[in-house]
Protein chains: 2
Amino acid sequence: MRQAGSTSSPWVSRRDRAAERQSKRDAVLCTAVRFFNAQGFHATSLDDVAKALSVTKPTIYHYFSNKDEILFECVRLGLETIRDATEAAHSDGGPARDRLETFMREYALVMTRDFGICVTRTSDDQLGEESRAKFRALKREINEGLQSLVEEGMRDGSLAHGNAQVVAFTVAGALNWIARWYRPDGGMSAQQVADHTVATLIHGLIPRAPAS
Amino acid sequence: MRQAGSTSSPWVSRRDRAAERQSKRDAVLCTAVRFFNAQGFHATSLDDVAKALSVTKPTIYHYFSNKDEILFECVRLGLETIRDATEAAHSDGGPARDRLETFMREYALVMTRDFGICVTRTSDDQLGEESRAKFRALKREINEGLQSLVEEGMRDGSLAHGNAQVVAFTVAGALNWIARWYRPDGGMSAQQVADHTVATLIHGLIPRAPAS
DNA sequence: ACCTTAGGTTACTTGCGAGTATACAAATCA
DNA sequence: TGATTTGTATACTCGCAAGTAACCTAAGGT
């Protein structure tokens with residue numbers, strides 16, 4: 001727990017205390033997201049989460065102002081990872097198709113992890129006013145990033161022409177769905193799932209060589 | 001309301017009364033599913049639904065034994081349409097690829113309608129014991145049907161070789177996602193969305209002719 | 001005329017879980 | 001040493017919505 005506090009004196013102060021607070025906050029999120037994914041948000045009481053951490057509910061309220069905030073922080077962690085990947089895909093060089101592929105793989109991997117799973121299981125009616133707005137904004141940002149990547153690829157000829165919006169949603173849907181069916185103990189690694197799913201989307205269902 | 005009662009005598013009886021009861025049941029489902037889709041299941045109270053129908057809550061309990069049953073009937077209506085389409089796709093003749101394509105289009109269309117939308121917004125933690133089991137069974141049946149169709153296509157050469165399970169989930173994910181983004185007033189008809197999405201999945205993202 | 005059943009109402013119970021008031025202990029600060 | 005801040009617990013409030021009890025009315029069967 002007591003991480004990187006230069007000297008390991010018993011007098012932990014300022015920076016260290018802040019770090020400890022942060023790590024406890026994180027612990028709440030990690031525990032909460034597992035419950036949310038396993039039982040659903042509404043079916044999870046903060047007493048459940050508290051008990052799993054061997055504390056009581058008011059302790060949780062010491063780190064978060066309400067249940068909404070906890071859920072939002074979970075989805076934020078998932079979404080920001082993906083958003084950062086879109087940004088990387090845009091600033092990198094090379095043909096759009098390659099950048100898209102890299103992005104898709106990263107996206108798929110996030111969907112095999114707790115916070116990513118939470119994103120797809122959360123619908124915005126579970127969040128209050130303000131969180132909902134931020135949640136939607138993040139999702140829109142990601143979708144626009146994905147769509148503009150697709151458009152770029154259609155323009156530079158590395159992707160087949162078509163309705164970029166539909167293509168973007170098709171990709172997003174297939175990738176998001178991973179969160180619903182992937183099980184770590186199911187014979188495939190997360191990486192394999194990501195690779196196969198991306199390959200399916202890229203190459204399509206029908207054979208390449210001699211179209212029927 | 002008084003439908004097809006042969007003569008339109010004021011003495012409605014037996015069969016007609018049963019039909020009327022059924023139509024009221026259906027009205028509850030139609031109203032409820034709209035609320036569920038708009039606000040989420042938990043955020044919808046049966047008082048809301050009752051008020052929208054200009055009746056009171058106990059009236060609803062006259063047609064359904066609890067809230068679970070209402071939700072389950074909604075998803076059942078959506079899922080059974082899809083399941084029937086899988087069965088049709090299996091019993092029809094012709095190359096598997098064509099049957100798969102027809103099935104996908106039908107699936108996509110269901111996802112633009114209320115009961116289909118409800119299916120993807122419902123996670124099984126919202127249902128009680130028994131309904132949950134039936135819900136899962138239906139979904140599994142559909143997925144197995146889809147997957148075996150894919151396997152058949154890979155065998156007869158009308159579909160590209162690959163991991164049939166991943167392919168099935170990729171298809172299901174892309175199609176299910178339609179329920180999350182399609183808006184009837186968004187410039188595309190349901191049919192167009194279905195066609196474009198299916199085409200994207202079938203042909204893949206990269207161009208067919210001169211692969212870069 | 002009378003009983004029964006269907007469909008509906010008003011008014012209630014009830015339980016769960018989010019969020020809070022209050023108190024307490026330990027450590028840091030001055 | 002005393003004051004203040006931080007983290008935690010115990011024990012509560014409180015509102016909402018699911019589900020129920022009891023009652024009413026009208027129509028159909030006999």
Side-chain angles (χ1 to χ4, degrees), chain A residues 1-2 5 7-28 31-32 35-36 39-73 125-129 131, chain B residues 1-2 5 7-28 31-32 35-36 39-73 125-129 131:
Chain A
M1 279 293 144
R2 190 84 76 264
T7 65
S8 57
S9 131
W11 281 271
V12 293
S13 264
R14 266 180 298 271
R15 194 182 180 81
D16 285 357
R17 290 189 75 80
E20 202 158 325
R21 184 180 175 87
Q22 182 62 41
S23 96
K24 289 187 185 171
R25 232 183 104 97
D26 290 348
V28 172
T31 303
F35 274 98
F36 294 162
Q39 318 180 338
F41 177 67
H42 285 285
T44 301
S45 82
L46 291 189
D47 283 311
D48 290 340
V49 177
K51 191 182 295 178
L53 289 163
S54 312
V55 293
T56 56
K57 191 167 47 169
T59 300
I60 290 182
Y61 279 93
H62 202 260
Y63 294 91
F64 297 91
S65 56
N66 52 43
K67 203 185 171 189
D68 261 21
E69 186 182 347
I70 296 175
L71 178 59
F72 178 68
E73 289 297 298
D125 46 59
Q126 321 192 30
L127 294 161
E129 207 54 59
S131 319
Chain B
M1 276 295 145
R2 190 88 73 264
T7 66
S8 57
S9 133
W11 281 271
V12 292
S13 262
R14 266 180 298 271
R15 196 183 177 82
D16 285 356
R17 290 189 74 81
E20 203 159 325
R21 185 181 173 87
Q22 183 62 42
S23 95
K24 290 187 186 172
R25 232 183 105 96
D26 291 348
V28 172
T31 304
F35 273 98
F36 294 162
Q39 320 179 339
F41 176 68
H42 285 285
T44 300
S45 83
L46 291 189
D47 283 312
D48 290 340
V49 177
K51 191 182 293 176
L53 289 163
S54 312
V55 294
T56 57
K57 189 167 51 168
T59 299
I60 291 182
Y61 279 93
H62 202 260
Y63 294 90
F64 297 91
S65 57
N66 52 43
K67 201 184 172 190
D68 260 22
E69 187 183 346
I70 296 176
L71 178 59
F72 177 68
E73 288 297 299
D125 47 59
Q126 322 192 29
L127 293 161
E129 207 53 60
S131 319

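Reminder, nothing fancy here: chain letters follow the sequence lines and each chain counts from 1.
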Original post:
To the nearest 10 degrees, what angle separates the axes at the start and end of the helix from dT4(C)-dA27(D) to dA30(C)-dT1(D), five pairs each?
Top reply: 10°

To the nearest Å, how far apart are [X] [atom1] and [N] [atom2]?
X: Phe36(A); N: dG17(C); atom1: CZ; atom2: P; value: 13 Å
X: Phe64(B); N: dT20(D); atom1: CZ; atom2: P; value: 16 Å
X: His42(B); N: dG15(C); atom1: NE2; atom2: P; value: 20 Å
X: Ile60(A); N: dT20(C); atom1: CD1; atom2: P; value: 14 Å
X: Lys67(B); N: dC16(C); atom1: NZ; atom2: C1'; value: 14 Å
X: Glu69(B); N: dA18(D); atom1: CD; atom2: P; value: 15 Å
X: Glu20(A); N: dA26(C); atom1: CD; atom2: P; value: 16 Å
X: Leu71(B); N: dA18(D); atom1: CG; atom2: C1'; value: 15 Å

Original post:
Hey, does Thr44(B) reach any base, or is it just sugar-phosphate, or nothing, if we go heavy atoms under 4.0 Å?
Top reply: sugar-phosphate

Subject >> nucleotides 3-10 of chain C: protein proximity per nucleotide (B base, S sugar-phosphate only, - neither; heavy atom, under 4.0 Å) >> reply: ---SBSBB

Spacing of [atom1] belonging to [X] relative to [atom2] belonging to [Y], to within rounding of 0.5 Å:
X: Asp125(B); Y: Phe41(B); atom1: CG; atom2: CZ; result: 10.5 Å
X: Arg17(B); Y: Arg21(B); atom1: CZ; atom2: CZ; result: 10.5 Å
X: Gln126(B); Y: His42(A); atom1: CD; atom2: NE2; result: 8.0 Å
X: Leu53(B); Y: Leu46(B); atom1: CG; atom2: CG; result: 11.0 Å

Subject >> side-chain hydrogen bond (donor to acceptor under 3.5 Å, both in side chains) partners of residues 56-69 of chain A, not counting sequence neighbours, each pair once >> reply: Ser65(A)-Glu69(A)

**OP:** Mind listing the closest non-hydrogen atom pair of Phe35(B) and Ala52(B) along with its distance?
**Re:** CE1-CB, 3.7 Å

**OP:** Give the minimum heavy-atom separation between Val49(A) and Ile60(A), together with the two atoms involved.
**Re:** CG1-CD1, 3.9 Å

Original post:
Are Ile70(B) and Phe36(B) side-chain neighbours, meaning at least one heavy-atom pair lies under 4.5 Å?
Top reply: yes

Original post:
With side chains defined as the heavy atoms from C-beta onward, is the minimum distance between Glu73(A) and Phe64(A) less than 4.5 Å?
Top reply: yes

